[in-house]
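Here the structure comes first, spelled out in C-alpha cells, and everything after it is commentary.
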There are 2 protein chains.
Amino acid sequence: MRYHKIPDETVRRLPIYLRGLMVSADQEREHISSQSLASFVGIEAWQIRKDLSYFGDFGTPGVGYNIYRLARGIKKTLRLDVIRRAALVGVGDLGSALLAYPGFRVYGLDIVAAFDIDPQKIGSTVNGVAIENAAQLDTLRRRDISLAIVAVPRDAAQATVDSLVAAGVKGILNFAPCKLVAARRIKVITLDIAMELARLPYYMPRAEQAAETVLKMDDG
Amino acid sequence: MRYHKIPDETVRRLPIYLRGLMVSADQEREHISSQSLASFVGIEAWQIRKDLSYFGDFGTPGVGYNIYRLARGIKKTLRLDVIRRAALVGVGDLGSALLAYPGFRVYGLDIVAAFDIDPQKIGSTVNGVAIENAAQLDTLRRRDISLAIVAVPRDAAQATVDSLVAAGVKGILNFAPCKLVAARRIKVITLDIAMELARLPYYMPRAEQAAETVLKMDDG
DNA sequence: CCATGTGAAGGTATTCACAGCC
DNA sequence: GGCTGTGAATACCTTCACATGG
C-alpha cells in the first residue's frame with residue numbers, strides 16, 4: 001500500500017490520531033494498539049490500521065505502535081514536522097478568540113501576526129500579538145508566513161484572499177460564509193460555523209411538537 | 001429518486017445551497033438555474049441537481065428553480081423551517097464570539113441561553129444573553145431548548161455533554177478537541193478548529209526550505 | 001498468541017450523458 | 001433552445017477476514 005495516494009478522508013482523520021497520541025503520550029506506556037487508540041479517539045481499529053498503512057509501517061505485530069514514532073510519522077506526513085507560522089486577518093470577536101486559543105500549538109502551528117483595518121485596533125496587542133494595518137499584508141512574504149486565517153466579514157473576504165495570495169500565502173483557513181476563488185495551487189478550507197450547527201436538526205428526532213401531535217392523535 | 005435516503009454528503013451541502021439562495025434572493029430574479037447557483041456557491045451544477053433530486057421536484061425544465069420555493073424546500077428538509085432555540089455552554093473567548101456571531105440567524109437558529117461556571121461571569125450579559133450558572137443546565141428541558149453548543153475546556157466537555165443529555169438536549173455542536181460519548185439518539189458534531197488548520201500544510205506545495213534543498217542537490 | 005497490514009468485497013458518493021419537459 | 005431529473009458508469013471509501021510477522 002506504500003505507493004498509493006493517501007485518501008482525503010484519511011488526511012482528515014490523521015489529525016485526530018495525532019491528537020489522541022499526544023494525550024496518550026502522557027501515560028507511561030510506550031506502545032499503543034490500534035484497538036486502544038480506536039476506543040480513545042472513537043474510530044474503528046481496522047480504519048486506523050488501514051489509514052496508517054497508506055504511508056508507512058509504524059506498527060509491530062503483537063506489540064502495537066510506538067507512540068512517539070507514530071506521532072512523528074503522522075506529523076511528517078501532514079508536513080507538520082516544522083513549526084508553521086500563520087497570520088490572522090480580521091481581529092473581531094472570532095479573530096480575538098482564535099488569537100487566544102492555545103490549541104494550535106499542539107500541531108506546531110503558531111499565529112505570529114494579526115491584521116485589521118480598524119485604526120482603533122491597529123497598534124494594540126492581543127495575546128502577545130501586535131495588530132498591524134491590513135494594508136501591510138504584503139510583508140508576509142519576507143516574513144516567511146505561508147499560512148493564513150481569514151476572519152473578516154463576508155464582503156471583505158475575497159479581497160483579503162486576493163491580497164494574501166499576492167503576498168505568497170499558500171494555504172488559507174476561511175471563516176467567512178462564502179465561496180472564495182483562488183488559483184488551483186492555493187488550498188482554501190472554508191469553515192462555516194453556523195452551517196455546522198444548521199445540519200444538526202436534520203439528525204435530531206422530531207421535536208416535542210411532533211410528540212405532542214402523536215399524543216393528540218392517540219387521544220382523538 | 002424521491003424514495004431514496006438522503007446521503008450524508010448531500011446533507012452537508014444543503015446549507016451551502018441555502019446560503020447561496022439567500023444571497024441570490026436579494027437580486028431581482030425570481031428563478032435561478034443549477035448552472036448559476038453552481039458558479040455562485042462553487043459546486044458543480046450536476047451535483048446540485050442530483051442533491052436536490054433526492055427530496056423533491058423543485059425545478060422547472062427550461063426555467064430553473066424558483067428561489068423562494070427551493071429555499072423553503074431545503075429548510076424543510078433540514079428541519080430548519082421552525083426557529084430553533086439553542087444554548088451555549090462555556091462563555092470564554094470562543095463562546096463570547098459565538099454569542100456575538102450574527103450568522104446563526106440565517107438558518108433560523110437562535111442562541112437564547114448561555115451558561116458558565118465562573119461566578120464572575122454569571123449574572124452578566126453578553127450580547128443580550130444573560131449568563132446563567134452551569135449548575136442550572138437542567139432547566140433547558142422546560143425551556144424547550146434541544147440544541148446546544150459546547151465551548152468549554154476539554155476536561156469539562158464530557159461532563160457538560162452528560163448534563164445536556166440529561167436535560168433533554170438532542171443535538172450538540174462541540175468545539176472541545178476530544179471524542180465525546182452519548183447515546184446513539186443524540187447527534188454530536190465535533191468541530192476542532194485547530195485540526196482544520198492542521199491539514200492545510202498537507203495540501204500546500206513544499207515550502208521554501210524544500211525548494212532550497214532541491215537547489216543544493218542540483219548544485220552538488 | 002497477539003496485533004499489524006492488506007487483498008478483496010461491499011457500499012456509498014461522484015460524474016456523465018441524455019431523455020424528457022417547458 | 002434551455003434546463004431539469006436521473007439511470008448507468010465510474011471512482012472512492014469502508015469493512016471484512018485473514019495471512020503474515022514478532
Side-chain angles (χ1 to χ4, degrees), chain A residues 1-17 20-21 24 29-74 77 199 202-203, chain B residues 1-17 20-21 24 29-74 77 199 202-203:
Chain A
M1 271 293 198
R2 300 287 291 285
Y3 313 125
H4 204 288
K5 173 190 169 289
I6 301 178
D8 278 348
E9 291 303 309
T10 294
V11 173
R12 191 184 297 273
R13 282 186 296 262
L14 289 183
I16 302 180
Y17 304 152
L21 289 170
S24 297
R29 296 157 69 261
E30 203 174 326
H31 288 79
I32 190 169
S33 68
S34 59
Q35 200 53 251
S36 318
L37 185 56
S39 66
F40 191 71
V41 301
I43 292 178
E44 300 292 333
W46 46 256
Q47 178 76 81
I48 294 177
R49 293 202 303 275
K50 184 65 138 183
D51 283 342
L52 299 182
S53 78
Y54 287 118
F55 60 96
D57 290 291
F58 292 106
T60 308
V63 179
Y65 299 91
N66 176 293
I67 295 178
Y68 178 76
R69 208 168 80 86
L70 179 55
R72 285 281 295 220
I74 294 178
T77 301
R199 68 195 171 90
Y202 177 82
Y203 294 101
Chain B
M1 273 293 200
R2 299 288 291 287
Y3 311 125
H4 204 288
K5 173 190 171 287
I6 301 178
D8 278 347
E9 291 303 308
T10 294
V11 173
R12 190 185 299 273
R13 282 187 295 263
L14 289 182
I16 301 180
Y17 304 152
L21 289 170
S24 297
R29 297 155 71 260
E30 203 173 324
H31 289 78
I32 191 169
S33 67
S34 59
Q35 199 52 252
S36 318
L37 185 57
S39 64
F40 191 72
V41 301
I43 292 178
E44 302 291 333
W46 47 255
Q47 179 75 81
I48 295 177
R49 292 202 302 276
K50 183 65 133 185
D51 284 342
L52 300 182
S53 78
Y54 287 118
F55 60 96
D57 290 291
F58 291 106
T60 309
V63 179
Y65 299 90
N66 177 290
I67 294 177
Y68 178 76
R69 208 168 78 85
L70 179 54
R72 285 282 294 221
I74 293 178
T77 301
R199 68 195 170 91
Y202 177 81
Y203 294 101

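Lettering of chains follows the sequences in order, A, B, ..., and the numbering in each one begins at 1.
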Assess the residue pair B:Ile32 and B:Phe40 against the criterion (side-chain contact (heavy atoms from CB on, under 4.5 Å)); give the C-alpha distance rounded to whole Å, side-chain angles, the decisive distance to 0.1 Å, and a yes or no. CA-CA 11 Å; B:Ile32 191 169; B:Phe40 191 72; 5.8 Å; no
Nucleotide of C:dC22, D:dG5, C:dT6 approaching B:Ser53 most closely (side-chain heavy atoms): D:dG5
Nucleotide D:dC13, atom P - distance to CZ of A:Arg13 in whole Å: 9 Å
Without decimals, in angstroms, what is the distance between A:Asp51 CG and D:dC12 P? 16 Å
In whole angstroms, the gap separating P of C:dT14 from CG of B:Leu52 amounts to 13 Å
Using whole Å, report how far OH of A:Tyr17 lies from C1' of C:dT4. 14 Å
Atom pair distance, as rounded to whole Å: CZ in B:Phe55 and P in D:dT6: 12 Å
Respond yes when some side-chain nitrogen or oxygen of A:Arg49 is under 4.0 Å from OP1 or OP2 of C:dC2, and no when none is. no
Side chain of A:Asp8: nearest nucleotide among D:dG7, D:dC13, D:dG22? D:dC13
To the nearest angstrom, how far is A:Asn66 atom CG from C:dA3 atom P? 16 Å
Over all atoms of both residues, closest heavy-atom pair of B:Gln35 and B:Ala45: NE2-CB, 3.8 Å
Take A:Glu9 and A:Gly62, find for each the nucleotide of DNA chain D with the closest heavy atom, and name the residue whose nucleotide sits nearer the 5' end. A:Glu9
Can you sort out which residues in residues 31-46 of chain A have a heavy atom within less than 4.0 Å of DNA chain D? Ascending by number, please. A:Trp46
Taking CD from A:Gln47 and C1' from C:dG11, how many angstroms apart are they, rounded to a whole number? 13 Å
Checking D:dG22, C:dC22, D:dT15 against the side chain of A:Pro61 (C-beta onward), the nearest is D:dG22
Rounded to the nearest 0.5 angstrom, the CD1-OG1 distance for A:Ile48 and A:Thr10 is 11.5 Å
Min side-chain heavy-atom separation B:Ile43-B:Tyr17 under 4.5 Å: yes
Between B:Tyr54 and C:dT14, does any side-chain N or O lie under 4.0 Å from OP1 or OP2? no
Would a 4.5 Å heavy-atom cut-off, applied to side chains only, mark A:Glu30 and A:Ile67 as touching? no
Rounded to whole Å, how long is the line connecting atom NZ of A:Lys50 with atom P of D:dC12? 15 Å
Within a radius of less than 6.0 Å around CD of A:Gln47, do more than 12 heavy atoms belonging to other residues, nucleotides or ligands occur? yes
So A:Tyr65 and A:Arg69, do their side chains get closer than 4.5 Å, heavy atoms only? no
Heavy atoms under 4.0 Å, any strand shown: does B:Arg12 hit a base, just sugar-phosphate, or nothing? nothing
